[in-house]
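Shown next, in structure tokens, is the structure this report addresses.
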Amino acid sequence: MDIKDYMKLPYTRIVQEIHDESGHYFYGRILELDGCQSTGATLDELYESLNEAMEGYLEVKLENQLPVPIPSTTDGYSGKFVVRLPKSLHQRLVIEADKEGVSLNQMVLYKLAL
């Protein structure tokens with residue numbers, strides 16, 4: 001495979017809007033490509049600079065005959081896992097969910113997504 005082939009694969013792009021002392025911008029990274037990241041003032045700018053970073057990343061990997069990670073898929077995941085937690089935390093989550101009028105599952109999903 002060459003760079004163009006890899007660029008067409010469905011890599012996971014993680015985008016975060018940042019407001020800090022340096023201003024407002026967007027930060028993005030490719031989950032499967034360790035260290036492949038970029039920033040942009042707008043989402044369009046971020047997308048473009050992230051693609052450039054990805055091309056550079058792939059170029060270095062291919063030139064040095066290093067393995068290139070393939071995008072992960074959701075095929076091997078059920079969307080369900082079991083977690084054990086202290087009774088006091090379980091109680092607190094149930095109370096918070098009740099106050100918000102949502103299920104415990106929805107509350108935990110919300111907390112995990114933060």
Side-chain angles (χ1 to χ4, degrees):
M1 286 183 26
D2 65 10
I3 291 176
K4 288 180 185 177
D5 294 324
Y6 282 106
M7 292 296 292
K8 292 177 187 174
L9 295 177
Y11 285 98
T12 307
R13 296 167 187 269
I14 298 179
V15 175
Q16 191 174 6
E17 187 172 10
I18 306 290
H19 294 276
D20 63 16
E21 62 279 348
S22 63
H24 172 257
Y25 60 97
F26 294 91
Y27 165 79
R29 65 186 176 102
I30 306 295
L31 183 64
E32 297 88 352
L33 306 179
D34 189 36
C36 186
Q37 58 191 0
S38 193
T39 60
T42 65
L43 286 171
D44 287 337
E45 202 175 285
L46 170 64
Y47 189 79
E48 187 176 318
S49 65
L50 197 52
N51 278 342
E52 289 173 13
M54 189 173 167
E55 283 183 33
Y57 178 98
L58 293 169
E59 186 176 319
V60 168
K61 288 285 193 177
L62 294 173
E63 282 178 359
N64 293 290
Q65 299 178 344
L66 297 170
V68 177
I70 300 298
S72 59
T73 66
T74 57
D75 294 345
Y77 302 94
S78 67
K80 176 181 162 181
F81 70 97
V82 177
V83 62
R84 300 218 182 271
L85 49 127
K87 290 178 182 181
S88 59
L89 178 55
H90 187 180
Q91 176 189 28
R92 193 171 85 218
L93 289 168
V94 168
I95 291 169
E96 280 187 58
D98 266 355
K99 284 182 181 177
E100 294 294 323
V102 298
S103 70
L104 176 59
N105 190 63
Q106 288 172 313
M107 177 59 70
V108 171
L109 181 61
Y110 168 75
K111 299 273 188 185
L112 288 172
L114 290 179

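Keep in mind that the numbers below use all heavy atoms, side chains included, and drop hydrogens, waters and symmetry copies.
- The shortest distance between side-chain heavy atoms of His24 and Glu17 falls below 4.5 Å.
- In plain terms, the two heavy atoms of Phe26 and Leu46 that are nearest each other are CB-CD2, 3.7 Å.
- Heavy-atom minimum distance, Pro10 versus Pro71: O-CB, 3.3 Å.
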Just distance, no hydrogens or angles: give the donor-acceptor pairs under 3.5 Å from side chains in residues 104-114, sequence neighbours left out.
unit_1	atom_1	unit_2	atom_2	d
Gln106	OE1	Ser103	N	3.0
Gln106	OE1	Ser103	OG	3.4
Lys111	NZ	Glu96	OE1	2.8

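- A distance of 12.5 Å separates CD of Glu45 from CG of Leu50, quoted to the nearest 0.5 Å.
- Asp5 places a side-chain N or O within donor-acceptor distance of the main-chain N or O of Asp2, the cut-off being under 3.5 Å.
- The main-chain N or O of Pro69 is found under 3.5 Å from a side-chain atom of Tyr11 such that the two form a donor-acceptor pair.
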Using a 3.5 Å cut-off and no angle test, enumerate the donor-acceptor pairs between side-chain atoms of residues 76-89 and protein atoms at least two apart in sequence or in another chain.
unit_1	atom_1	unit_2	atom_2	d
Ser78	OG	Lys80	N	3.1
Ser78	OG	Lys80	O	3.3

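- Within 6.0 Å of CD in Glu48 there are 12 or fewer heavy atoms belonging to other residues, nucleotides or ligands.
- To the nearest 0.5 angstrom, Thr42 atom OG1 is 13.5 Å from Tyr47 atom OH.
- Looking only at side-chain heavy atoms (C-beta outward), Ile70 and Tyr6 come within less than 4.5 Å of each other.
- In this structure, CG in Leu33 is found 5.0 Å from OH in Tyr57, a value given to the nearest 0.5 Å.
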Q) Where do Met1 and Val68 land on the side chain to side chain contact (heavy atoms under 4.5 Å, CB included) test, with the steps shown first? A) CA-CA 10 Å; Met1 286 183 26; Val68 177; over 6 Å; no
Residues Ile30, Arg13; criterion side chain to side chain contact (heavy atoms under 4.5 Å, CB included); working and verdict: CA-CA 5 Å; Ile30 306 295; Arg13 296 167 187 269; 3.6 Å; yes
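- Considering only heavy atoms from C-beta on, Asp20 comes within 4.5 Å of Tyr25 through its side chain.
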Would you tabulate the side-chain donor-acceptor contacts of residues 58-65 under 3.5 Å, counting partners in other chains and residues two or more places apart, or write 'none'?
unit_1	atom_1	unit_2	atom_2	d
Asn64	ND2	Val60	O	2.8

